[in-house]
Protein chains: 2
Amino acid sequence: MAHTQRSEMAFARRQRILEAAAEVFAERGFSGAGVNEIARRAGVNKAMLYYHVGDKQKLYEEVVLGFLTQVHHQVRVGIAKAATPVDKLAAVHRAILELALERPNYPRIMLRELSLGGANLPPEVFRQMASLFATTREVVEEGMAAGQFRRVEPVIAHILLIGSVVFFANALRLRDRLGAAGAQLPGLDTVLQAAAQITHILLHGLAAPGQEGVVP
Amino acid sequence: MAHTQRSEMAFARRQRILEAAAEVFAERGFSGAGVNEIARRAGVNKAMLYYHVGDKQKLYEEVVLGFLTQVHHQVRVGIAKAATPVDKLAAVHRAILELALERPNYPRIMLRELSLGGANLPPEVFRQMASLFATTREVVEEGMAAGQFRRVEPVIAHILLIGSVVFFANALRLRDRLGAAGAQLPGLDTVLQAAAQITHILLHGLAAPGQEGVVP
DNA sequence: GTTAGAATCAACCGTGTGGTTAGACCAACT
DNA sequence: AGTTGGTCTAACCACACGGTTGATTCTAAC
């Protein structure tokens, strides 16, 4: 296993580099991030970035793609565990939300990338997005067919689901500065409680007339 | 009025510079934007940026603040014209939405700034945000007092209102690339129609049980 | 023990950046 | 005509950036 040990070390290095990259990209954005700083935080020489991963662009793509596939995976797991369309959609929302809170770097990156129109992203990332969208679309259509959801364009539901999470996760970081600016801020006991309110409002909003009771 | 003409010219120049700046900041973000390009697009010498407005930072602040105050103004106008809390909240949503669609540069900037945690923004901008938030808070609380809205933390409603618009406006730009990646995309006749669906879902979701009928 | 190749590093390079400056231009007033 | 002060420009600068290179160390296999 000697050879394996070596490549395991290399793999670990690669992971450290990608994590550091995610951190810096999240904090400063693609243009704002410096490969020097990424290297510094990963504790490796700059040339190692190019050796193990690639140039700045490649670094970025790797980070984004890694996150997207993870989200999609979790979403599918969530759906598989749920029974009704409403539960499934709630599961989708929660899966995204939990990942967003657990790994706060990523919503930041996604948000910024959205505002750039995906300028820094390769087609593969869009394929992954499209695939995630297809998943939620299925759920929404199933729910409409079952009469649980009102008739909406699935893409709208998708946008609301994802958007609310990403926006919310990012907004959390403004709290302190908004408070300092005089905003009268929440008596939110926990972040998760606030998130639950969001899920509830969205599902309630999507419920077909007379079906509001189905929403947990 | 000779002197006035001169300063009017200067004012116009300033506006052109700020518009160009908004454009470039929207396309490339704060770090990605170059003062050279801003100057080029504004059709002025680079040094004029520093003369008329200030450094890159100041340029950015001016752009963001200008937009925020405009939003807040429109929101207030919308509220003033509406009667019931539901109508007022719908008006808030529409005001933000219309501005976002009309001046697409700004949602992009705001989104990116959100993901940066307002790193590039001065306290005054946060004061403006807090003030806007206070406005919607009033409406939400009025609606809850009147029994039209379910009990929610106003900040949640605020986030959903703003977030959905900003996210939606930005998502529009992904359409083509997502379509090319195989996403089955909307039969949305018009953008406004999609937006109306969003407003409807949110208001419906916020409506108190039994009050869903009040939503237009 | 030697060797091939993976992994690492310090030093370097060209380019493009934000920002500055010294002065030219020009309209308006004395 | 001369002076002033707002407006504008070309040229410049220091520097940080992304990226590369060539040499060097480490390790595993023969």
Side-chain angles (χ1 to χ4, degrees), chain A residues 1-64 109 116 119-122, chain B residues 1-64 109 116 119-122:
Chain A
M1 292 300 111
H3 180 274
T4 316
Q5 270 184 15
R6 231 189 189 225
S7 61
E8 264 172 16
M9 292 274 283
F11 183 77
R13 265 271 200 275
R14 207 184 130 92
Q15 288 309 106
R16 270 193 76 186
I17 291 173
L18 287 178
E19 270 165 40
E23 218 178 280
V24 180
F25 281 134
E27 282 172 23
R28 311 220 200 274
F30 181 77
S31 325
V35 290
N36 290 294
E37 189 173 355
I38 294 176
R40 201 177 49 71
R41 285 208 213 178
V44 304
N45 183 284
K46 181 169 51 156
M48 285 299 91
L49 303 189
Y50 293 88
Y51 181 73
H52 283 289
V53 186
D55 63 9
K56 194 180 176 183
Q57 185 67 38
K58 174 78 172 156
L59 223 34
Y60 191 69
E61 293 176 10
E62 209 81 356
V63 165
V64 173
I109 295 178
L116 282 166
N120 299 316
L121 298 180
Chain B
M1 291 297 112
H3 182 273
T4 315
Q5 270 183 15
R6 241 188 182 223
S7 61
E8 265 172 14
M9 293 274 282
F11 183 78
R13 266 272 202 274
R14 206 183 131 93
Q15 288 309 106
R16 271 193 76 185
I17 290 173
L18 287 177
E19 271 165 37
E23 219 178 279
V24 180
F25 282 134
E27 283 172 22
R28 311 220 201 273
F30 180 78
S31 324
V35 289
N36 290 295
E37 189 174 354
I38 294 175
R40 202 177 48 71
R41 285 208 214 178
V44 304
N45 185 286
K46 180 170 52 156
M48 284 300 90
L49 304 190
Y50 293 87
Y51 179 74
H52 283 289
V53 186
D55 63 8
K56 193 180 174 182
Q57 184 66 40
K58 175 77 172 157
L59 222 34
Y60 191 69
E61 293 175 12
E62 209 80 356
V63 165
V64 173
I109 296 177
L116 283 166
N120 300 316
L121 298 180

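Each chain gets a letter, A, B and so on, in the order the sequences are listed, and its residues count up from 1.
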For Arg14(B) and dT7(D), give me the distance from atom CZ to atom C1', rounded to whole Å.
-> 15 Å
So Leu121(B) and Glu61(B), side chain to side chain contact (heavy atoms under 4.5 Å, CB included) or not? Walk me through it.
-> CA-CA 6 Å; Leu121(B) 298 180; Glu61(B) 293 175 12; 5.5 Å; no
Contacts to DNA chain C from residues 18-29 of chain B, heavy-atom cutoff under 4.0 Å, which residues?
-> none
Rounded interatomic separation in angstrom, taking CZ from Arg16(B) and C1' from dC8(D) = 14 Å
Is Gln57(A) reaching over with its side chain to a backbone N or O of Asn120(A), donor-acceptor style, under 3.5 angstrom?
-> yes
Can you tell me how far C1' of dC8(D) sits from CD1 of Ile17(B), to the nearest Å?
-> 11 Å
With B for base contact, S for sugar-phosphate-only contact and - for none (protein heavy atoms under 4.0 Å), nucleotides 16-23 of chain D reads --BBBB--
Any pair with a residue in residues 37-58 of chain B that passes ring-ring contact (aromatic ring centres under 6.0 Å, His included), sequence neighbours left out, goes on the list, sorted by first then second residue, please.
-> none
For residues 29-40 of chain A, tabulate all N or O donor-acceptor pairs below 3.5 Å that involve a side-chain atom, not counting sequence neighbours.
residue	atom	partner	partner atom	Å
Asn36(A)	OD1	Lys46(A)	NZ	3.4
Glu37(A)	OE1	Arg28(A)	NE	3.3
Glu37(A)	OE1	Arg28(A)	NH2	3.4
Glu37(A)	OE2	Arg28(A)	NH2	3.3
Glu37(A)	OE2	Arg41(A)	NE	3.3
Glu37(A)	OE2	Arg41(A)	NH2	2.7

How long is the line joining CE of Met48(B) and P of dT9(D), in whole Å?
-> 7 Å
Checking side chain to side chain contact (heavy atoms under 4.5 Å, CB included) for the pair Phe25(A)/Leu59(A): CA distance, chi angles, key distance, verdict?
-> CA-CA 10 Å; Phe25(A) 281 134; Leu59(A) 223 34; 4.3 Å; yes
For atom CZ of Arg40(B) and atom P of dA10(D), their distance in whole Å = 15 Å
When the side chains of residues 15-22 of chain B are checked against the rest of the protein, which donor-acceptor pairs come out under 3.5 Å, sequence neighbours left out?
residue	atom	partner	partner atom	Å
Arg16(B)	NH2	Ala42(B)	O	3.1

Taken to the nearest whole Å, OH/Tyr51(B) to C1'/dT7(D) is 5 Å
Should His52(A) be listed as having a side-chain N or O under 4.0 Å from OP1 or OP2 of dA6(C)?
-> no
